[in-house]
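Data first, discussion second: the structure below is written as structure tokens.
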Amino acid sequence: MSSLLEAQALNAFYGDFQALYEVELSINEGDVVAIVGANGAGKTTLLRSIAGLLKNDAHSIRFNGTPIGHYRADKVAKLGIALVPEGRQLFPSLSVEENLKLGATVGRKGHWSLHSVFELFPILKERRAVASTQLSGGQQQMVAIGRALMSNPDLIMFDEISLGLAPVIINSIYEQLPQVINQGTTAVIIEQDITRALSSASRVYCLQEGRVKLSGRTDELTRQQITQAYFGVAA
Amino acid sequence: MTEWLNAIVQGVLLGGLYALFAAGLSLIFGVMRLVNIAHGDLIVLAAYMALTTVMVMGVHPLLALLVVIPLMSIVGYILQRLLLNQTLGNDILPPLLVTFGLSVILQNMLLEAYTADPQKLNGGAIETASVSAGNLSIGILPLLTFVIAVLVIVCLQWIFYNTALGRQFRAVSDNQDIAQLMGLNKGHVFGLALALSLAVCGIAGVLLGMRTSFDPSIGSGRLIFAFEAVIIGGLGSLWGTLAGGIVLGVAQTVGGKINPGWQLLAGHIVFLLVLAVRPRGFFPRVEH
Ligand SMILES: Nc1ncnc2c1ncn2[C@@H]1O[C@H](COP(=O)(O)OP(=O)(O)OP(=O)(O)O)[C@@H](O)[C@H]1O
Ligand SMILES: [Mg+2]
């Protein structure tokens with residue numbers, strides 16, 4: 001099977017600082033891929049590169065075979081790649097419903113609409129008119145996820161959905177994840193919690209200082225291998 | 001007593017014109033943090049556009065709005081996409097310098113095309129007509145200007161808070177990167193914002209040209225009034241901009257009543273007083 005998204009020799013920079021080195025990545029349709037790594041390993045940078053917030057060489061990222069490394073973020077979004085950014089990043093001047101509607105800007109058709117997002121997260125329907133700043137952290141995360149779904153993406157990427165949330169909330173969000181992904185969507189999740197990453201993903205990539213240290217099917221890798229790649233030392 | 005009341009009423013109505021000067025300035029600052037030094041000259045450009053339309057087509061200046069508004073919007077969109085978008089970034093200096101340059105260029109172009117002779121848009125009977133309320137006599141043109149200003153503010157407010165376009169304006173204003181992630185092309189959204197801003201300049205220019213005579217050099221003075229109205233009202237608030245325009249207008253007419261030489265000075269002093277007492281204006285937009 002040819003892959004949906006592919007990164008080849010991906011190098012990413014912030015000015016003179018190189019954050020990613022020759023990253024190779026391949027994601028098949030329907031996969032759930034987990035990306036793990038210590039703080040500063042380059043996980044967010046990788047997703048920002050794919051999403052078009054960082055410019056790269058055209059051929060370093062391909063989506064359905066098309067080189068998109070040089071695309072602007074709005075063009076990438078129109079192709080069907082959505083990012084739930086680190087720290088949620090809702091629009092403070094927009095209400096819950098407006099945040100969600102903005103996610104539909106690209107106008108891609110599919111399962112997700114205001115109606116189906118409200119069905120997935122009923123609490124958001126109740127709070128639709130409220131400013132997004134007035135929601136709890138967990139509810140904000142639901143808006144961030146819903147907003148990304150509204151574009152009916154083929155590939156959805158979650159950057160640390162659990163960051164700063166209570167364990168109960170994290171559990172409930174992860175319980176919803178299969179519903180999200182079952183709509184024919186491929187997913188990438190960044191998750192600090194290795195156990196959770198392994199249990200929800202089919203493939204895993206370990207980043208360390210901007211390089212892929214280890215990758216493979218989650219059922220073929222041992223926890224110890226991952227921990228070692230994660231910390232860069234024998235644990 | 002009536003004289004003072006009259007001065008205040010005239011000031012309020014004049015405030016409508018200032019709110020029109022200011023609304024477009026406030027709008028683009030809100031959407032893209034762009035301070036447009038050429039704003040006043042663009043208002044003057046609109047007045048000249050109307051002048052030419054009136055001469056060529058032989059229509060009333062108010063009808064010329066049908067030409068001026070779309071034309072100014074197109075100028076705005078193109079200006080933003082081709083020039084101003086290149087200047088926007090983390091540094092606020094480049095857009096200031098470029099719009100300052102634009103201001104100089106516009107003045108010189110107008111000078112070449114129309115000379116320095118003062119011009120006026122001839123509104124006919126509407127300029128002298130008035131209605132009386134009690135002892136007051138209120139000019140139809142100032143009244144019409146004020147009503148239009150209120151309508152423009154209502155319209156802009158509606159666009160901002162009830163339409164998809166307004167949602168996009170607020171989203172890029174909040175966070176350009178994330179807005180871009182949602183599929184918005186910020187360059188295009190900024191273009192639409194300047195188009196809307198210059199549409200309002202078009203209205204302001206025509207009403208200005210009917211009220212007083214104008215020449216290519218008066219843009220910077222209008223820019224100052226617009227700035228003062230925006231700051232008095234509070235950055236980012238459209239209704240505040242109207243309030244700011246009214247405060248400025250009343251200060252000027254009342255000051256002018258005390259001593260004709262004090263008209264502009266009184267406006268500047270009230271502006272400074274407001275700045276000293278309420279540095280963020282009367283109705284600042286709530287920070288998130
Ligand atoms: N805007 C930026 N400018 C300069 N350097 C940056 C910027 N953002 C990230 N970096 C650097 O790039 C490297 C990778 O950062 P990145 O945010 O991708 O890591 P991460 O794996 O997502 O970390 P975390 O787990 O803390 O979110 C780090 O060394 C970081 O300091
Ligand atoms: Mg990160």
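Labels below follow one simple rule: chain letters A, B, ... track the order of the sequence lines, proteins then strands, and each chain is numbered from 1.
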Open item on the list: Applying a heavy-atom distance below 4.5 Å, give me the residues of residues 46-62 of chain A that approach chain B, sorted by number.
Closed with: A:Arg48, A:Ala51, A:Leu53

Task: Closest non-hydrogen atom pair, B:Ile178 against A:Pro85 - done: CD1-CG, 3.9 Å

TODO: Specify the closest pair of heavy atoms between A:Ala77 and B:Met182, including all atoms of both residues, with the distance to one decimal.
DONE: CB-C, 4.4 Å

Task: From CG (A:Leu94) to CZ (B:Arg170), nearest 0.5 Å - done: 4.5 Å

- [ ] With rounding to the nearest 0.5 Å, note down the distance linking CG in B:Asn185 to CZ in A:Arg72.
- [x] 4.0 Å

Task: Student check: side-chain heavy atoms of A:Thr105 and B:Gln168 closer than 4.5 Å - done: yes

Residues, nucleotides or ligands: over 12 heavy atoms within 6.0 Å of [X] [atom1]:
{"X": "A:Glu209", "atom1": "CD", "value": "no"}
{"X": "A:Phe13", "atom1": "CZ", "value": "yes"}
{"X": "B:Leu151", "atom1": "CG", "value": "yes"}

Task: Heavy-atom contact with chain A under 4.5 Å, split by part of B:Ala179 - done: both

Open item on the list: If we ignore hydrogens and angles and just use 3.5 Å, is the side chain of B:Asp174 paired with the main-chain N or O of A:Ser93 as donor and acceptor?
Closed with: yes

- [ ] May I ask you to name which of A:Asn99, A:Leu83, A:Val76, A:Leu90 has the most heavy-atom pairs under 4.5 Å with chain B?
- [x] A:Leu83

